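These numbers come from a predicted model, not from an experiment. Lettering of chains follows the sequences in order, A, B, ..., and the numbering in each one begins at 1.
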Amino acid sequence: MHSSVSIEKLADYVGKDVVLRGWLYNRRDSKGLSFLVVRDGSGIVQCVAAEDSLDAESWQAVSSVTQESSLEVRGTVRLDDRQVGGVELTVTGLRMISAASEYPISPKAHGVEFLMNQRHLWLRSRRQWAIMRIRNRIIMSIHQLFQEQGFLQMDAPILTGNAVEGTSTLFELDYFDEKAYLTQSGQLYGEAMAMAFGKIYTFGPTFRAEKSKTRRHLTEFWMIEPEMAFYDLDMNMQLAEDLIVRIARDVVRDCATELQVLDRDMEQLRKITGPFPRLSYDDAVALLRSDETRAKFDKREAEAVAERESLELEREQNRARYGQAKKGEKRRIDAREIEINARLDEIEEELRNLPAWRESALNFEWGGDFGGSDETVLTWHFDQPIIVHRFPASIKAFYMKRDPEDDRLALGMDVLAPEGYGEIVGGGERATDLEFLERQVAAHGLPEEVFQWYFDLRRYGSVPHSGFGLGLERTITWICKLPHLREAIPFPRLMGRLNP
RNA sequence: UCCUCGGUAGCUCAAUGGUAGAGCAUGCGGCUGUUAACCGCAGGGUUGUAGGUUCAAAUCCUACCCGGGGAGCCA
């Protein structure tokens with residue numbers, strides 16, 4: 001096959017003749033003139049085909065390509081300010097490679113369930129294109145930062161023999177008549193690898209069998225877990241901050257088109273420069289219970305009510321002029337009504353939730369773990385991610401080091417993303433003392449035998465060390481400002497969703 | 001598991017207990033610069049399932065199934 005040019009690179013070929021290969025994304029026709037919107041995975045471009053400047057065979061092909069048919073198009077690249085990439089193609093020849101039968105996803109509004117059933121095709125659409133390209137950019141930023149800093153990438157096992165380390169529900173499976181589980185974290189293995197290689201990170205899938213039906217949960221997600229020998233809690237927090245700053249910087253620099261497709265406000269991302277505010281758990285509890293938090297709730301409720309009123313008014317006005325409207329106008333009013341109704345549903349839900357959230361935040365008791373809403377409320381006060389550290393030991397994993405200043409506290413830390421996206425990082429400094437760990441395992445009712453290899457890490461040259469886990473999809477969701485995690489991964493696995 | 005909202009044409013949604021509609025998609029026709037193109041015509045329905053109330057049910061009641069997002073849990 002002779003070579004073709006990718007749409008992404010078309011701006012370098014202005015005035016030249018090129019060959020593109022791709023799929024028809026959408027088309028608009030007039031008599032003797034067709035506007036073919038072609039995508040090739042790298043980008044999207046409008047190709048203009050005129051009957052009077054094409055051979056009969058090409059014009060026949062132009063007339064018959066349907067949405068998502070594959071095609072090869074030959075043409076001249078022209079600058080055109082009106083177009084998305086700043087260029088369009090004047091078609092000089094077109095060949096259909098394979099005709100697509102009626103494509104289920106029309107370039108119109110669709111519901112979540114329908115689109116999820118068509119996920120294998122949905123990935124072809126513009127918005128998903130933007131998200132997956134940003135996902136790729138974020139993954140590369142993570143590897144680049146760690147590699148530049150001398151970390152070794154190595155992965156923890158996905159199959160594990162024991163359901164330890166806490167209370168979350170794991171997927172159980174049969175491993176040659178033995179019980180096995182899908183990993184919920186590579187944490188303990190990461191510690192072993194850090195004692196062997198100094199600084200390591202894992203990058204792999206993680207599984208949770210919780211029956212969570214929310215926009216923040218998947219049953220299978222990707223987690224990045226660095227683990228570093230000779231790192232204390234402060235160094236750990238700094239690394240997490242550097243990583244997130246790096247991700248935001250790279251995406252803003254390299255993915256402007258993608259962010260534009262997603263209608264993402266770049267200014268919000270440009271603010272992610274560090275240093276991130278660091279709040280102790282004590283500070284965070286005080287902030288939750290503060291008058292400032294009360295004021296944020298008042299403001300938010302007032303805004304929701306005001307927006308509801310203005311939307312309801314707009315809907316009334318639209319309905320009033322619907323009768324006299326022309327057909328095209330009616331269509332726009334219908335589309336807008338759907339938008340308004342969807343937004344009103346969201347507002348209703350928010351107004352239903354806010355009282356409970358307010359109750360939870362303002363009456364928060366020291367010693368409890370933050371709920372999803374409490375995390376969101378904390379982030380209302382800042383426009384960068386925040387780091388909360390030094391939690392009550394009772395709500396953190398058994399392997400966390402205690403705060404030497406206050407034995408009630410564990411040296412854990414969470415990074416909470418702004419704009420209500422919540423926890424994207426969880427980690428901390430690990431306990432180094434063998435006897436302490438043995439007591440912890442007993443106190444948590446965990447089987448001592450299976451931790452012997454882990455205890456060896458303390459028997460043979462125990463050192464201060466730290467690490468954390470970064471949730472890839474949660475990070476993507478926040479960076480892209482998506483309404484739901486499910487769009488941040490090609491084939492999401494959720495409760496009740498195993499296909500496609 | 002609990003709470004809450006929903007299920008109407010292929011898709012997105014309308015429809016005071018009283019003849020189920022619109023837009024998109026599809027088919028046909030028109031239009032030489034369209035941007036979710038536009039204009040005209042046509043086909044397209046066991047209103048999630050099973051019962052019940054009623055002269056009459058998409059609409060009211062009961063049970064179940066499926067989906068949304070919230071709680072719990074967490075990345």
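Atoms CH2 (A:W222) and P (B:C74) sit 23 Å apart, rounded to a whole Å. Distance CH2 (A:W357) to P (B:G70): 7 Å, rounded to an integer number of Å. One interatomic measurement links the two molecules: CG of A:D263 to P of B:A36, which rounds to 13 Å at whole-angstrom precision. Atom CG in A:D414 sits roughly 13 Å away from atom C1' in B:C73 (whole-Å rounding). Between A:E102 atom CD and B:G43 atom C1' the separation is 13 Å, expressed in whole Å. If you take NZ of A:K31 and C1' of B:C39, they are 15 Å apart, rounded to a whole angstrom. The interatomic distance linking A:L354 (CG) with B:C3 (P) rounds to 22 Å, in whole Å. Between A:R497 atom CZ and B:C66 atom C1' there is a gap of 12 Å when expressed in whole angstrom units.
The pair A:R127-A:D263 does not meet the salt-bridge criterion, since no charged nitrogen lies less than 4.0 angstrom from a carboxylate oxygen. Using a cutoff of 4.0 Å between basic side-chain nitrogens and carboxylate oxygens, A:E258 and A:R137 are not scored as salt-bridged. Ion pairing between A:R27 and A:E68 fails under the 4.0 Å rule for side-chain N and carboxylate O. One finds a salt bridge joining A:D250 and A:R246 here, because a Lys/Arg side-chain nitrogen approaches an Asp/Glu carboxylate oxygen to under 4.0 Å.
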Open item on the list: For a side chain to side chain donor-acceptor pair (under 3.5 Å) check, start with the C-alpha distance between A:Q128 and A:R119, then their side-chain angles and the critical distance, and finish with the verdict.
Closed with: CA-CA 10 Å; A:Q128 304 307 312; A:R119 183 60 176 171; 2.9 Å; yes

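Closest to the side chain of A:V112, from the set B:A75, B:U32, B:G68, is B:G68. Relative to the side chain of A:S106, the nucleotides B:G33, B:C24, B:G69 differ in distance, and B:C24 lies closest. Which of B:C74, B:C11, B:C31 sits closest to the side chain of A:F114 comes down to B:C11. Here the nucleotide nearest the side chain of A:K211, chosen from B:U1, B:C66, B:G33, is B:U1. The side chain of A:R352 sits closest to B:U4 out of B:A75, B:U34, B:U4. The side chain of A:Q46 sits closest to B:U34 out of B:A36, B:G72, B:U34. In this structure, the nucleotide among B:G68, B:U34, B:U26 sitting nearest to the side chain of A:K213 is B:G68. For A:R208, taking side-chain heavy atoms from C-beta onward, the closest of the listed nucleotides B:G33, B:A75, B:G72 is B:A75.
For the pair A:G32 and A:V425, both in contact range of RNA chain B, the more 5′-proximal nearest nucleotide belongs to A:G32. Nearer the 5' end of RNA chain B, as judged by each residue's closest nucleotide, is the contact made by A:Q67, out of A:Q67 and A:I395.
Base engagement by A:D29 is indicated by at least one non-hydrogen atom pair under 4.0 Å involving a base atom. At the heavy-atom level, A:L218 lies under 4.0 Å from base atoms of the strands shown. Heavy atoms of A:G422 sit nowhere under 4.0 angstrom from any nucleic acid atom. The residue A:E346 sits apart from the nucleic acid: no heavy atom pair falls under 4.0 Å. Looking at heavy-atom distances under 4.0 Å, A:F221 makes contact with a base. Note on A:L485: a base of the nucleic acid sits closer than 4.0 angstrom, heavy atoms only. Within 4.0 Å (heavy atoms only), A:Q83 reaches at least one base atom of the nucleic acid. A:D52 comes within contact range of at least one nucleobase, with a heavy-atom separation under 4.0 Å. Across all strands, A:N117 comes closer than 4.0 Å to no nucleic acid atom at all (heavy-atom distances).
With both ends at atom C1', the span from B:C55 to B:C64 equals 30 Å, rounded to whole Å. B:G7 sits 23 Å from B:G52 when the P atoms are compared, rounded to a whole Å. Atom name C1', nucleotides B:U19 and B:C24: the rounded distance is 26 Å, in whole Å. The separation of B:G69 from B:A42, taken at their P atoms, amounts to 40 Å, rounded to a whole angstrom. When the C1' atom is compared between B:U26 and B:G10, the two are found 9 Å apart, to the nearest whole Å. B:U46 and B:G21 have their P atoms separated by 15 Å, with the value rounded to a whole Å. Nucleotides B:A36 and B:G29, compared at atom C1', are 23 Å apart to the nearest Å. Distance noted for atom C1' between B:A63 and B:G27: 43 Å (whole Å).
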Task: Secondary structure of RNA chain B in dot-bracket form (Watson-Crick or G-U wobble, distances below 3.5 Å, | marking inter-strand pairs) - done: (((((((..((((....[..)))).(((((.......))))).....(((((..]....))))))))))))....

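Regarding contacts with the backbone of B:G69, a side-chain N or O of A:R486 is found under 4.0 angstrom from either OP1 or OP2. Proximity of A:R216 to the phosphate of B:A71: a side-chain N or O atom is located under 4.0 Å from OP1 or OP2. Not one side-chain nitrogen or oxygen of A:H217 sits closer than 4.0 Å to the OP1 or OP2 atom of B:C73. When the side-chain nitrogen and oxygen atoms of A:R215 are compared with OP1 and OP2 of B:G70, one or more of them lie within a distance under 4.0 Å.
The base of B:U32 lies outside donor-acceptor range of the side chain of A:E51, with no N or O pair under 3.5 Å. A:E210 contributes no side-chain N or O that forms a donor-acceptor pair with the base of B:U1 under 3.5 Å. Donor-acceptor pairing under 3.5 Å, judged by distance alone, is absent between the side chain of A:E350 and the base of B:G69. The base of B:G70 does not come close enough to the side chain of A:S373 for any donor and acceptor atom to sit less than 3.5 Å apart.
A donor-acceptor pair is defined here as one N or O able to donate and one able to accept, closer than 3.5 Å; such a pair exists between the side chain of A:R208 and the backbone of A:Q184.
The ring of A:Y181 has its center no closer than 6.0 angstrom to the ring center of A:F207. Between A:F491 and A:H120, a ring centre-to-centre spacing not shorter than 6.0 Å is recorded. Ring centroid separation for the pair A:W357 and A:F297 does not come in under the 6.0 Å cut-off.
Stacking between A:F35 and B:G33 is absent: the aromatic ring centre is not both under 5.5 angstrom from the base six-membered ring centre and within 30 degrees in plane angle.
When each of A:L472, A:I158, A:L218, A:L182 is checked for a side chain to side chain contact (heavy atoms under 4.5 Å, CB included) with A:P205, only A:I158 meets the rule.
Under 3.5 Å, the side chains of A:D155 and A:T202 contain no donor-acceptor pair of N or O atoms. With hydrogens and angles left out, the side-chain atoms of A:T293 and A:R289 include no donor and acceptor closer than 3.5 Å.
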